[in-house]
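Start at 1 and go down the list; that is how both ligands and their atoms are numbered.
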Amino acid sequence: MPESKVPLKEVSRDGAINQMVQIARLEGIPTAWDRFQSQQPQCKFGWTGVCCRLCHMGPCRITPRASQGICGANADTITARNLLREIAAGTAAHSDHGRALAKTLKLVSRGQGGRYQIADPERLREVARVFEIKTDGREDLAIASDVADLFLAQFSWSEEPNSTLKLAPKKRQGVWKRLEMEPEGVDREVVELLHRTNMGVDHDYRHLILAGLKCSVADGWVGPMVATLVSDILFGTPKPVRSRVNLGVLSAEKVNILVHGHEPTLSEMLAMASQDEELIAYAREKGATGINLAGICCTANEILMRHGLPIAGNFLQQELAILTGAVEMMIVDVQCVMPSLPQVMRCFHTKLVSTSDIAHMHEVDRIKFDVHKGYQQACDLIRAAIDNFPNRDKDRVRIPKESMDIVAGFSNETIFHMLGGRFRSTFRPLNDAIIDGRIRGVAAIVGCTNPKIKVDDSHVRLAIELIKHNVLVLETGCAAIACAKAGLLVPEAALELAGPTLREVCEAVGIPPVLHMGSCVDNSRLLLAATNILNEGGLGQDLSDLPAAGAAPEWMSEKAVAIGHYFVASGLYVVLGHPLYVEGSENVNQLLTKEMEGITGGRFEWEPDPEEAARKMLEHIEKKRDALGINKKRERKLYDMKERRELE
Ligand code: NFS
Ligand code: SF4
């Protein structure tokens, strides 16, 4: 075990994390923070993006005495190429997730989906209509088949730009056309980035970065868009739900089963199977009082949004959950699953099961998830977890007390209904509140947690600062879990922290000032929310006109790199808590953080201090308000009776 120099307390603002890290230290079980310490100092060449190993003449790195690699590539080319490979990888991850769901929809439409079915036929029809698929007089399954075909076709190459781009505002579509940034198939764009960054192909950093942005458009507006739409169709469109969050949701008396990863397919069946009376009775037979299914990371967000199941924690809590000694089984699929888990698992009775065909871990049980047998597999897993309950060492159970109430489930559809009231669904009241300044603008806070940063702290401080200044905050992913743990997603508590006019609006509508919109692929919901606001009218023509900003204060994943780029490609201002690996090239850095605004209308900013990040976001929001002309003091017109009658 690496010798630790991190102070024992305070790796996080979350007491549950600090407590568990301390226990891990005392027991000599390494966690991410210990390994973080043993990686110090982290490589400066890596940090600044100037290390290249794209061919085997290298590896090369740019230093004060070597301004070029062996092939002649300079810092601009090297950092840009490295960045593109990250965008390609992030896009690939999101899009495989979307493709897997579209394949499931296809199987369901053929009657080969086992227990999966169309949970939200209304949403299916609505989606079909958007893409001009005939719905009148047709069965749901026939429509689903066409929708699945259309979505599956988004991945391979087509002569036409991707169909889902039309979900974006017209003007933005025009910008992409002009910049030749319209993707023609997700796989195609990923492959092209890999090709372009191959030794000896594309060397112009500008040309490279614009290609990266094009691929990122295929990420945000295609892969995750498909993932979200199909998830809603198959599993239901989220509606507000109450639940609880943090390690304290683990139960000392029940069989604890954690789902961790990203694709919601198997976890949907687990949610259903965990309610099975026979299985619950079986758990009692084994001495437990019931079955407790909870989540980690983005799978947690999926089952929270649709079933109100509790969340045990975000990204850096995955090892700590096992360390509680109270987890009978952790079921993982793909993405954000740490390779260290088997090592922690071996110190406890916890069973770790991997379920994705493409994600195995050495010496870890695995099943081959099969849509058709999904429910049976879920039952078998739960039964195995129950069988493991008697192996729990009660003396080693230490579940932190921390757990917090949360209200989640804010899909666009829900927000539409809540804002518009019972009779007329509309975003109008939100737009009006933004126009008259009661709400200054909208901010998105998304992304991971990272041991480089005091965990959850930047997420929470940024959100608090923004709502204090009457900015409505939309969140997804680990950011949403961070703020939920801090109590920001409960309307009552959060409203105390909101500025007076934001509070007034939230109270009238009955929403918290920080809205949980789902998992990381549900960032597509954020893009659609922004589009809905725009389409409602009065706030400009393009996403870049909106008084809106995005932030990922604690990000770590390549997926977050892709997300940041599709926000910027969509014309939005994005503040990252630490820079991309590009600072070794002044040109690339300038392009991303300054010049980009003149190209896509959006740009990046690096800002580690959350209050300062909030200030910059507010400044951007006010700049957009000024440009829209809604910051002028508007005189309130007093109507006389005659005018009033005319109005009516
Ligand atoms: Ni998105 Fe970050 Fe992972 Fe989800 Fe969490 S770490 S990039 S937020 S779980 S995908
Ligand atoms: Fe070095 Fe060029 Fe090869 Fe990169 S591509 S490793 S800079 S020779």
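Note on ring orientation: taking the six-membered ring where Trp is involved, the planes of W555 and H578 are parallel (angle under 30°, cut-offs 30° and 60°).
Side chains of N74 and T77: a donor on one and an acceptor on the other come within 3.5 Å. At a cut-off of 3.5 Å, with distance as the only test, no side-chain donor of D333 or T355 sits close to an acceptor on the other residue. The closest side-chain donor-acceptor pair between W221 and S524, if any, does not fall under 3.5 angstrom. No side-chain donor from either of S231 and E302 sits under 3.5 Å from a side-chain acceptor of the other.
Heavy atoms of other residues, nucleotides or ligands lying less than 6.0 angstrom from CZ of R366 number 12 at most.
Protein heavy atom nearest atom 3 (Fe) of ligand 1, with residue, atom name and distance: C336 SG, 2.3 Å. The nearest heavy-atom contact from the protein to atom 10 (S) of ligand 1 is H262 NE2, 2.8 Å. The closest protein non-hydrogen atom to atom 1 (Ni) of ligand 1 is C520 SG, 2.3 Å. Annotation: atom 9 (S) of ligand 1 to nearest protein heavy atom, C297 CB, 3.3 Å. Of the protein's non-hydrogen atoms, C448 SG, 2.5 Å is the one closest to atom 2 (Fe) of ligand 1. For atom 5 (Fe) of ligand 1, the closest heavy atom belonging to the protein is C478 SG, 2.2 Å. For atom 4 (Fe) of ligand 1, the nearest non-hydrogen atom of the protein is C298 SG, 2.4 Å.
A cation-pi arrangement is absent between K452 and W33 under the rule of less than 6.0 angstrom and at most 45 degrees off the ring axis. In this structure, R61 is positioned above the aromatic face of F45, its NZ or CZ under 6.0 Å from the six-membered ring centre and within 45° of the axis.
Not a single heavy atom of H203 sits under 4.0 Å from any atom of ligand 2. Distances shorter than 4.0 angstrom occur between a heavy atom of K559 and an atom of ligand 1.
The set of protein atoms (N, O or S) found at less than 2.8 Å from atom 1 (Fe) of ligand 2 reads C60 SG, by chain and number.
Between D14 atom CG and N246 atom CG the span is 4.5 Å, to the nearest 0.5 Å.
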